[in-house]
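Read through the structure below, which is laid out as structure tokens, and then see the notes.
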Protein chains: 2
Amino acid sequence: MDNQINILIVEDHLSYAQGMQFLLQQNPKINEVNIAIDRNEALAKLEKNAVQIVLLDLQFDTTEYDGFTIAKKIKQLYPEIKIMVLTQHARKGHHRRLFDECAVNAYLDKKLGIEETYLAIDEVLKGNTYIDKSIQQILDIEEFMKISSREREVLEELCEGQIQKQIADTLSISPKTVEVHVRNLFKKFRVKNSTELIARYIVYRNANRDTNTEMRLPFKK
Amino acid sequence: MDNQINILIVEDHLSYAQGMQFLLQQNPKINEVNIAIDRNEALAKLEKNAVQIVLLDLQFDTTEYDGFTIAKKIKQLYPEIKIMVLTQHARKGHHRRLFDECAVNAYLDKKLGIEETYLAIDEVLKGNTYIDKSIQQILDIEEFMKISSREREVLEELCEGQIQKQIADTLSISPKTVEVHVRNLFKKFRVKNSTELIARYIVYRNANRDTNTEMRLPFKK
DNA sequence: AATTCAATACGGGTTTTCCCTTAATTTTTG
DNA sequence: CAAAAATTAAGGGAAAACCCGTATTGAATT
């Protein structure tokens with residue numbers, strides 16, 4: 001069962017697809033790797049062959065369709081197939097469309113090493129989503145840069161240990177609104193709860209703050 | 001009512017006490033400032049004069065008593081009097097004894113500016129406790145250095161957004177035990193909840209980590 | 001030997017967070 | 001100007017956190 005993984009690469013740059021095909025075939029867990037260079041070939045091959053994973057490029061030379069429409073079509077026809085999107089340039093707008101509209105399972109940079117691709121395959125087969133670290137960083141920072149002022153206020157209050165009700169009082173808004181801000185921040189930072197949110201916020205706040213910020217601690221370890 | 005504040009300074013270094021007396025008298029809210037240079041004089045003056053605040057030095061030249069015993073005696077006789085402890089060298093052991101055994105209301109560094117002393121007076125009169133920032137930092141770091149390994153594991157899991165039940169699973173202990181660790185960490189860091197705990201933990205973890213730690217972010221703002 | 005402290009665990013109750021939904025108003029942006 | 005975000009708000013319910021105890025064990029310290 002474990003070495004029965006069949007993969008379809010959907011990618012109009014044949015040489016890249018063949019290189020990836022070769023690399024994937026080195027993994028004993030992977031049974032068969034096919035290539036489709038356009039939308040129609042992809043749908044035709046999905047009809048004939050049972051595959052568990054589609055590796056999908058986002059950019060196609062044609063203007064007829066793109067990775068998004070292909071992803072949606074495949075998910076509509078075969079909801080159980082895991083779609084792993086490859087991209088040259090990660091964009092947060094793409095990311096949002098991919099996961100919200102197209103329900104893809106992974107978002108990977110084309111420069112990714114093969115080992116991490118294997119890891120990503122394992123994760124999506126387990127039912128998890130996977131975003132590789134370099135993409136994650138770009139997305140994080142793009143998102144971080146556009147935290148609204150209200151959201152930043154909420155974050156700073158959370159760091160002080162204020163509970164939602166208290167934050168609502170100091171900002172003179174409803175506790176329910178504070179809750180919405182917190183929930184939107186969960187999405188932006190892609191975290192599960194407040195503690196993880198604050199952990200990530202502090203790290204990025206420290207990393208991105210101006211260099212003239214004084215260090216308040218009297219000594220270093 | 002507001003400018004009826006009477007203060008007793010208990011301090012065996014007269015010149016320091018007199019300087020403090022002068023400074024405090026500049027504040028229109030403060031009515032009278034007296035000085036006692038030893039334990040007996042302090043108790044005698046408390047009997048005669050109604051004071052709301054005692055400014056107490058921790059170190060005395062005699063070995064008969066110290067600031068701790070005086071604080072306990074005063075709180076025993078006049079529980080409503082707020083005791084603000086002054087120290088030259090903050091120690092976490094002192095801090096713990098002061099707040100747990102002696103129930104003092106503030107812990108201040110002698111080097112503190114007068115404005116922050118006024119602020120501390122306001123806070124203790126409101127019923128809050130006050131610890132000045134420089135002392136707080138020393139205490140924080142002393143505490144940070146002696147987080148138990150179990151506590152550190154819990155902290156790291158919290159940063160990853162794991163909930164107490166999940167942490168219990170990964171550490172193979174009861175969720176109730178995880179809860180205890182978290183509550184002990186609240187005390188050590190003197191925070192109100194998990195979000196504030198993580199905010200402080202990350203700041204100190206970053207401040208105290210080795211300099212050869214690579215910065216993972218690709219660019220700075 | 002005695003004390004302290006870290007780590008373990010349980011019970012019971014209150015508070016807060018978190019999730020799902022819907023929706024109006026304002027601001028920003030293309 | 002129209003579309004897209006941001007900000008505002010609400011209700012209901014499940015899950016998690018938090019607070020108050022008590023208690024046992026083993027290891028370290030005095």
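What you see is a predicted model; the values in this text were computed from it and never measured. Lettering of chains follows the sequences in order, A, B, ..., and the numbering in each one begins at 1.
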- Message: Is it the case that over 12 heavy atoms from other parts of the model lie below 6.0 angstrom from the NZ atom of Lys192(A)?
- Response: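 Count over threshold, so yes.
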- Step through the shown structure and confirm whether more than 12 heavy atoms of other residues, nucleotides or ligands are within 6.0 Å of NZ on Lys110(A).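 Yes, NZ of Lys110(A) has more than 12 neighbouring heavy atoms, counting only those of other groups under 6.0 Å.
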d([atom1], [X]; [atom2], [N]) in whole Å:
{"X": "Ile167(B)", "N": "dT8(C)", "atom1": "CD1", "atom2": "C1'", "result": "16 Å"}
{"X": "Glu196(A)", "N": "dT17(C)", "atom1": "CD", "atom2": "P", "result": "17 Å"}
{"X": "Asn184(B)", "N": "dC5(C)", "atom1": "CG", "atom2": "C1'", "result": "10 Å"}
{"X": "Leu185(A)", "N": "dC19(C)", "atom1": "CG", "atom2": "P", "result": "13 Å"}

Atom pairs under 3.5 Å, N or O on each side, protein against nucleotides 13-20 of chain D: can you list them with distances?
unit_1, atom_1, unit_2, atom_2, d
dA17(D), OP2, Gln164(B), N, 3.2
dC18(D), OP1, Ser194(B), N, 3.0
dC18(D), OP1, Ser194(B), OG, 3.3
dC18(D), OP2, Ser194(B), OG, 2.4
dC19(D), N4, Glu179(B), OE2, 2.6
dC20(D), N4, Arg183(B), NH2, 3.3

- Task: Check whether any side-chain N or O of His181(B) sits under 4.0 Å from OP1 or OP2 of dT8(C), and answer yes or no.
- Result: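 Result: yes.
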- Look at all strands and tell whether Thr177(B) reaches a base, only sugar-phosphate, or nothing, counting heavy atoms closer than 4.0 Å.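 Result for Thr177(B) = base.
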- Just call it for Ser148(B): base, sugar-phosphate, or nothing, with non-hydrogen atoms closer than 4.0 Å on any strand.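 Here Ser148(B) touches the backbone only, sparing every base.
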- Are side-chain heavy atoms of Glu11(B) and Leu55(B) found at a separation under 4.5 Å?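 Not in contact.
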- Query: Which atom names give the shortest non-hydrogen contact between Gly161(A) and Asn193(B), and what distance separates them?
  - Reply: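 Looks like O-ND2, 2.7 Å.
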Quick one: pull up [atom1] in [X] and [atom2] in [Y] and give me the separation to the nearest 0.5 Å.
{"X": "Ile163(B)", "Y": "Thr195(A)", "atom1": "CD1", "atom2": "OG1", "answer": "10.0 Å"}
{"X": "Gln59(B)", "Y": "Leu86(B)", "atom1": "CD", "atom2": "CG", "answer": "10.0 Å"}
{"X": "Ser148(B)", "Y": "His181(B)", "atom1": "OG", "atom2": "NE2", "answer": "6.5 Å"}
{"X": "Leu43(A)", "Y": "Ile70(A)", "atom1": "CG", "atom2": "CD1", "answer": "7.5 Å"}

- Message: From C-beta outward on Ser149(A), which listed nucleotide comes closest to its side chain: dA9(D), dT7(D), dA7(C)?
- Response: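 Minimum distance to the Ser149(A) side chain belongs to dT7(D).
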- Message: Within 45 degrees of the ring normal and closer than 6.0 Å to the centroid, is that where the cationic atom of Lys29(A) sits relative to Tyr118(A)?
- Response: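 No, cation not above the ring by the 6.0 Å, 45° rule.
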- Task: For the helix from dA9(C)-dT22(D) to dG30(C)-dC1(D), figure out the bend between the end axes, five pairs an end, and round to 10 degrees.
- Result: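 Inter-axis angle at the ends, rounded: 70°.
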